[in-house]
2 protein chains.
Amino acid sequence: MANSLERRSGVSLWRQIADQILQSIAVGDFAENAALPPEVALAERYGVNRHTVRSAIAALVQDGVLRAEQGRGTFVLSRKRLSYPIGARTRFSEGLQGQASERRSVLLESAVEPASRRVAEGLGLARGSTVIRLETRGEADGQPVSRATGWFDAARFAGIDAAMAETGSVTASFRRFGIGDYLRQSTVLSARHADAADLADLDLQPGAIVLVTVAVNVTPDGQPIQFAETRFPAERVELKISAL
Amino acid sequence: MANSLERRSGVSLWRQIADQILQSIAVGDFAENAALPPEVALAERYGVNRHTVRSAIAALVQDGVLRAEQGRGTFVLSRKRLSYPIGARTRFSEGLQGQASERRSVLLESAVEPASRRVAEGLGLARGSTVIRLETRGEADGQPVSRATGWFDAARFAGIDAAMAETGSVTASFRRFGIGDYLRQSTVLSARHADAADLADLDLQPGAIVLVTVAVNVTPDGQPIQFAETRFPAERVELKISAL
DNA sequence: GAAATTTGTCCATTGATATAGACAATTATA
DNA sequence: TATAATTGTCTATATCAATGGACAAATTTC
């Protein structure tokens, strides 16, 4: 199971090693609060120079995942990844219950704009219809765990931006428009490297991976009410697809 | 929407640009069969030297995504990503119907071994029970699109390796053991950089990203019968979480 | 207190990455 | 046919990434 590395790949060895250490922590190979194997041992395991391992560790220390103590060793700080549920009734705040003591959704920005083709199709609107775009960030225990862009039909949901700003909850905002329940119709999932915006929004180190979901929420009778793209930091979040 | 880049990130600029070009193709910003913007324009857009863009393009040409023609331009070859459905009745071959003319599942390796803690928990077996492990690769139109490791209770499914080798289908193999229908109980999703094994198995370029699902299949009355980890190349596959 | 273990800091060298500029080769266009 | 646009190749230089070695500093162990 000792995953090997790829040279001249465009991804530096120290970053690949940092990724593998993160993976080992997530899987449980490196236990929380325990010491990592010493640098020389890791260097041998990965078949690289000790300095290269040190670069990987330095990045993870910078990232708050590890703590190095001279003479003693290097220790695992990080908690496990959050498991974010995806199902018919996916809601941000409920999903993380029990996994994080404090969680909230912050409205970063809102705008009114014409719908792109993609958004119009998702919401079942005519191309060029006016939509409201909301940019939000989800946080759990003060750490960003999601970054969403949501679109709503401006004709039907005028003022939803204010409602979101006030309540901080999509569910609560929908309630003001007479929508007591809604369902997730579809979710399409992909993954890519974080771009500069992701890095800033999610407080990630360069080179990180983000999970991307594109989803449509509908009323119980099937009317699309929200089209959303959400980015999750793969190192902090996994998605649990629950029975729908 | 011009995503910027991160320097000294451990991920080289040419690879970040290659990723973004792939993304642009997938999203439809760069249409199929159309010419990419010229190298100088791309260099300006990304704020890098023309040679850096050329490195990115060279990698994608090598990868069969682009074709460069001197004097004419650089053209998009690649088809869209496959959309792989995940739902209660996820089956490999059915899911890709209509998206690929030829699809199959190849048995790479099988083994009988004691269950790890993770596998035993997933299958509801005692720690150390004997399980059969099957390593398979899914292919669509000759290109690898998935790489799965599946575990089965050896006591109940003795000989399933032979059945898989013969039929090439999990569904057909289950039928031989009297299981006409089965459901997906849970799916946990994450993403990471491809390791050396992924690169070889999925025919990827170093630095690629893989989507990872960990799933449990159960009989209609809820008995776990299969525990599986599947890796998908994120550049070729997206996962569509479907309603049931 | 001495020895062993482990992280931290130097120096030097090599190869990959990125920038810069110039010009050749090929194709499309006026 | 000349000109422009575009990809291909070459040289040179600076920085990052990775290796190798030596030794210092802090901690634990004997």
Side-chain angles (χ1 to χ4, degrees), chain A residues 3-21 30 33-77 193 196 205-207, chain B residues 3-21 30 33-77 193 196 205-207:
Chain A
N3 296 329
S4 44
L5 305 171
E6 286 300 311
R7 298 176 118 88
R8 27 192 129 68
S9 66
V11 182
S12 61
L13 295 182
W14 64 260
R15 171 142 295 282
Q16 294 183 57
I17 292 169
D19 283 346
Q20 293 205 11
I21 291 175
F30 296 157
N33 295 321
L36 240 57
E39 293 168 352
V40 269
L42 287 174
E44 192 168 0
R45 169 187 308 194
Y46 292 119
V48 299
N49 191 276
R50 182 184 153 222
H51 293 297
T52 307
V53 169
R54 281 182 59 76
S55 297
I57 290 175
L60 295 176
V61 167
Q62 176 72 24
D63 209 7
V65 175
L66 301 177
R67 185 185 64 247
E69 293 181 29
Q70 186 171 152
R72 301 213 328 126
T74 303
F75 301 87
V76 178
L77 294 176
H193 281 123
Q205 293 298 107
Chain B
N3 296 327
S4 44
L5 305 171
E6 286 300 311
R7 299 175 115 89
R8 36 192 116 67
S9 64
V11 182
S12 61
L13 293 181
W14 64 261
R15 171 142 293 283
Q16 294 182 59
I17 292 169
D19 283 345
Q20 293 205 12
I21 292 175
F30 296 156
N33 295 321
L36 239 58
E39 294 169 350
V40 268
L42 287 174
E44 192 168 358
R45 169 189 306 197
Y46 292 118
V48 300
N49 191 276
R50 181 185 153 223
H51 294 295
T52 307
V53 169
R54 282 180 60 75
S55 297
I57 290 175
L60 295 175
V61 167
Q62 176 71 24
D63 209 8
V65 176
L66 301 176
R67 184 184 66 247
E69 293 181 30
Q70 185 169 156
R72 300 208 333 122
T74 304
F75 301 87
V76 178
L77 294 176
H193 281 123
Q205 295 297 105

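Here is how names work: the chains are called A, B, and so on, in the same order as the sequence lines, proteins then strands, and each is numbered from 1.
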- Message: How many whole angstroms separate atom CD of B:Gln70 from atom C1' of C:dA28?
- Response: 13 Å
- Message: With a cut-off of less than 4.0 Å, is there a side-chain N or O of A:Arg72 near OP1 or OP2 of D:dT28?
- Response: yes
- Item | Short side-chain to backbone donor-acceptor contact, A:Asn49 and A:His51, under 3.5 Å | yes
- Task: Measure across B:Leu66 and B:Val76 and return the closest heavy-atom pair with its distance rounded to 0.1 Å.
- Result: CD2-CA, 3.9 Å
- Query: Taking the side chain of B:Ser12 as heavy atoms from C-beta outward, which of C:dT9, C:dA18, C:dA25 is closest to it?
  - Reply: C:dA18
- Select base, sugar-phosphate, or nothing to describe what B:Arg7 touches, counting heavy atoms under 4.0 Å on all strands. sugar-phosphate
- Look at the side-chain N and O atoms of A:Asn49 and state whether any lies under 4.0 Å from the OP1 or OP2 oxygen of D:dA18. no
- Query: Just how far, in rounded Å, is C1' of D:dT15 from CG of B:Leu13?
  - Reply: 12 Å
- Item | Atom-to-atom span, CZ of A:Arg15 to C1' of D:dC16 - whole angstrom | 14 Å
- Note on the structure: To the nearest angstrom, the CZ-P distance between B:Arg54 and D:dT9 comes to 7 Å
- Would you kindly give the OH-to-P distance between B:Tyr46 and C:dT19, to the nearest whole Å? 14 Å
- Message: How about CD on A:Glu69, more than 12 heavy atoms from neighbouring residues, nucleotides or ligands closer than 6.0 Å, or not?
- Response: yes
- B:Val48 or A:Ile57: which one's nearest nucleotide on DNA chain C is closer to the 5' end? A:Ile57
- Note on the structure: When rounded to the nearest 0.5 Å, the distance separating CD1 of A:Ile21 from CG of A:Leu42 is 5.5 Å
- Task: For A:Val40, report the nucleic acid contact type (base, sugar-phosphate, nothing); a contact means any heavy atom under 4.0 Å.
- Result: nothing
- With a 3.5 Å cut-off and just heavy-atom distances, do the side chain of B:Arg50 and the base of D:dG8 make a donor-acceptor pair? yes
- Query: Are A:His193 and B:Gln16 side-chain neighbours, meaning at least one heavy-atom pair lies under 4.5 Å?
  - Reply: no
- Query: OP1 or OP2 of C:dT17 less than 4.0 angstrom from a side-chain nitrogen or oxygen of B:Ser55, does that happen here?
  - Reply: no
- Message: Tell me if the side-chain of B:His51 makes a donor-acceptor pair with the base of D:dG8, cut-off 3.5 Å, by modelled atom types.
- Response: no
- Whole-Å gap separating P (C:dT17) and CH2 (B:Trp14): 6 Å
- Roughly, in whole Å, what's the span from CD1 in A:Ile17 to C1' in D:dA18? 10 Å
- If you pin A:Thr52 and B:Pro37 to their nearest nucleotides in DNA chain D, which one's is more 5'? B:Pro37
- Item | B:Glu39 side-chain proximity, nearest of D:dT7, C:dA28, D:dA18 | D:dT7
- Item | Interatomic distance, B:Gln16 CD vs D:dC16 C1' [rounded to whole Å] | 14 Å
